[in-house]
Amino acid sequence: MEEEQEDDISLSENLDENGFPFLPSSSPQPEQTNDKPIDTIEESFSSEFYRGGTDWSGLLGNEKKKKKLKQANLFQLWGFKKPQEEESTLITRVSSLPAKAEEEKKQVVASSSGFGGRKPKGRDNQRRVCPFYKKIPGTPFTVDAFRYGGVEGCSAYFLSHFHYDHYGGLSKGWSHGPIYCTPLTARLVKMCLSVNPSFVYPMEFDTEHAIEGVKVTMLEANHCPGAALIHFRFQDGRCFLHTGDFRACKLMQTHPLLTNQRVSTLYLDTTYCNPKYKFPPKEDVLSFVVKVTRTSLKRQPKTLIVVGAYSIGKECVYLSISKALGVKIYANASRRRILQSYDWPELSDNLCSNGQDSPLHVLPISSLRHETLKQYLETYTPQYTAILAFRPTGWTYSETTGNHLDLIKPAIKGNSTIYGVPYSEHSSFLELREFVQFLKPDKIIPTVNVGNAATRDKMQSCFRQWLKS
DNA sequence: GCGATCAGCT
DNA sequence: CACAGCTGATCGC
């Protein structure tokens, strides 16, 4: 019933005001000494959290035209373009986004009686409070916090990317405040969730926007299309970075906003913050997938190739096969609609709407089971007689395989073959470490796997280790 | 009947 | 495990 309650903060000895152990930082940065603690947003900063269950979020945006330039940068990050000249064109166009859609009442205190309707048996109402790690202290900002109704004191809701566990709670009826996100995410939010466009504020990558007196910039997160790291620069010069979900890479270490000024507090995607998570660079996995595909087709030319994917993300897996084999990509109508909204010509120009027209299909990852695949294959008899499927996920790790892709053993059942491949859109443990050691933040707030006290402790120990010197 | 949410399941 | 959902049931309107 209330097992999480007892997990409640024991503000014992060496925990900071957020319930986390102190970091050994040369300059123990005073948490509350911001320009001006705007409101009550931080008062219950940690106390709310440990009731808060796991990580949720959401956000979106809206816009009219998309810039080719920024997208090109994105594709480059994804391994389809040489890291040319690092795009130092940081357009510091401090445009002040109007804080419209604001006559909304901030009444809903998101608690006992508010939204969420339902009177479930249990502690559900209690659970629907925005956890502290989604709030940016000293500001009226939250990140990926939509499933709590209106968050008290929040007048700007940021959405890091368009994945359900981050935008959850966003829907047609959203009216709790303006939503800031990248243009691509904005399109998806409006298109897929029917959020009222007047609440959606797209922010181009690498463009500084002044919001409520804070300078905010979206940086490419190397996660899914439209995903952003969110960089906040306060009037006193201090900087926070919220990674949303991201896969750290070298290119990030060259971004002007991260090299020229120090990030004091880092909100970190700690999905794979454990040394057991090792996986190769994306490019290696893409090569492997192409190689396996070629080999299979040579052996059995009538093989249907399937790549599993969620709504957004992993596009490069099937795009790689498409390019290597010179075949189109079949996806159903709803997926095509989403893929076509990316403004990614290489992808949208290679889609097809008839399964017979290509041996390369994209399916929901949930359908990657022998049973289901065989049924699917039968609908293409006699055109195809075998099926080869790839399930791209970071969880496909193994102590033995690690970085050795050739050790991956597929699951085979009759004419159905399924490869789990370690194509991750989150940082590996080592990538996380390198990123943190590059940034050297004073303080790190994990945003994933925080529901368990032991895991939290282990992560903080990790950070201490990484940053000691 | 429809949209939103939730427990349970991957 | 928990990635990022999906499914089916339930609730409010």
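Each chain gets a letter, A, B and so on, in the order its sequence line appears, and its residues count up from 1.
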Q: For the residue pair A/Y342 and A/W344, categorise the inter-ring angle as parallel (less than 30°), tilted (30 to 60°) or perpendicular (more than 60°).
A: parallel

Q: Please work out whether the ring planes of A/Y157 and A/W174 are parallel, tilted or perpendicular, with thresholds of 30° and 60°.
A: perpendicular

Show the distances under 3.5 angstrom between N or O atoms of the protein and N or O atoms of nucleotides 8-10 of chain B.
none

Distance in angstrom units between [X] [atom1] and [N] [atom2], rounded:
{"X": "A/H426", "N": "C/dA4", "atom1": "NE2", "atom2": "P", "answer": "3 Å"}
{"X": "A/I365", "N": "C/dG5", "atom1": "CD1", "atom2": "P", "answer": "10 Å"}
{"X": "A/D165", "N": "B/dC6", "atom1": "CG", "atom2": "P", "answer": "15 Å"}
{"X": "A/R456", "N": "C/dA2", "atom1": "CZ", "atom2": "P", "answer": "13 Å"}
{"X": "A/R335", "N": "C/dA4", "atom1": "CZ", "atom2": "P", "answer": "14 Å"}
{"X": "A/Y148", "N": "B/dC6", "atom1": "OH", "atom2": "C1'", "answer": "15 Å"}
{"X": "A/K276", "N": "C/dC1", "atom1": "NZ", "atom2": "P", "answer": "11 Å"}
{"X": "A/L170", "N": "B/dG3", "atom1": "CG", "atom2": "P", "answer": "17 Å"}

Q. Distance check: side-chain N/O of A/H163 vs OP1/OP2 of C/dG5, anything under 4.0 Å?
A. yes

Q.
Is there a side-chain contact between A/S311 and the phosphate of C/dG5, meaning an N or O under 4.0 Å from OP1 or OP2?
A. yes

Q. Among A/H223, A/H426, A/R247, whose side chain to side chain donor-acceptor pair (under 3.5 Å) with A/D269 holds?
A. A/H426

Counting side-chain heavy atoms from C-beta on, which of [options] comes nearest to [X]?
{"X": "A/K172", "options": "B/dG3, C/dA2, C/dC6", "value": "B/dG3"}
{"X": "A/H223", "options": "C/dA4, C/dC3, B/dG3", "value": "C/dA4"}
{"X": "A/Y164", "options": "B/dA4, C/dG5, C/dC3", "value": "C/dG5"}
{"X": "A/S366", "options": "C/dC3, B/dA4, C/dC6", "value": "C/dC6"}
{"X": "A/D245", "options": "B/dG3, C/dC3, C/dA4", "value": "C/dA4"}
{"X": "A/R147", "options": "B/dC6, C/dC3, C/dC6", "value": "B/dC6"}
{"X": "A/T393", "options": "C/dC6, B/dA4, C/dC3", "value": "C/dC3"}
{"X": "A/Y272", "options": "C/dC3, C/dG5, B/dA4", "value": "C/dC3"}

**Q.** A/S428: partners by side chain to side chain donor-acceptor pair (under 3.5 Å), with sequence neighbours left out
**A.** A/E431

**Q.** Sidechain N-carboxylate O distance under 4.0 Å for A/E371, A/K413
**A.** no

Q: Would you mind checking if A/K291 and A/D406 are paired as a salt bridge, meaning a charged N to carboxylate O distance below 4.0 Å?
A: yes

Q. Between A/T271 and A/P364, who's closer to the 5' end of DNA chain C by nearest nucleotide?
A. A/T271

Q) Can you check side chain to side chain donor-acceptor pair (under 3.5 Å) on A/H161 and A/T185, steps first, answer last? A) CA-CA 6 Å; A/H161 65 290; A/T185 303; over 6 Å; no

Q: Check every strand shown and say whether A/S424 touches a base, only sugar-phosphate, or nothing at a heavy-atom separation below 4.0 Å.
A: nothing

Q: Test A/D165 against A/R147 for salt bridge (charged side-chain N to carboxylate O under 4.0 Å, His left out), laying out the working first.
A: CA-CA 9 Å; A/D165 53 335; A/R147 58 192 314 274; over 6 Å; no

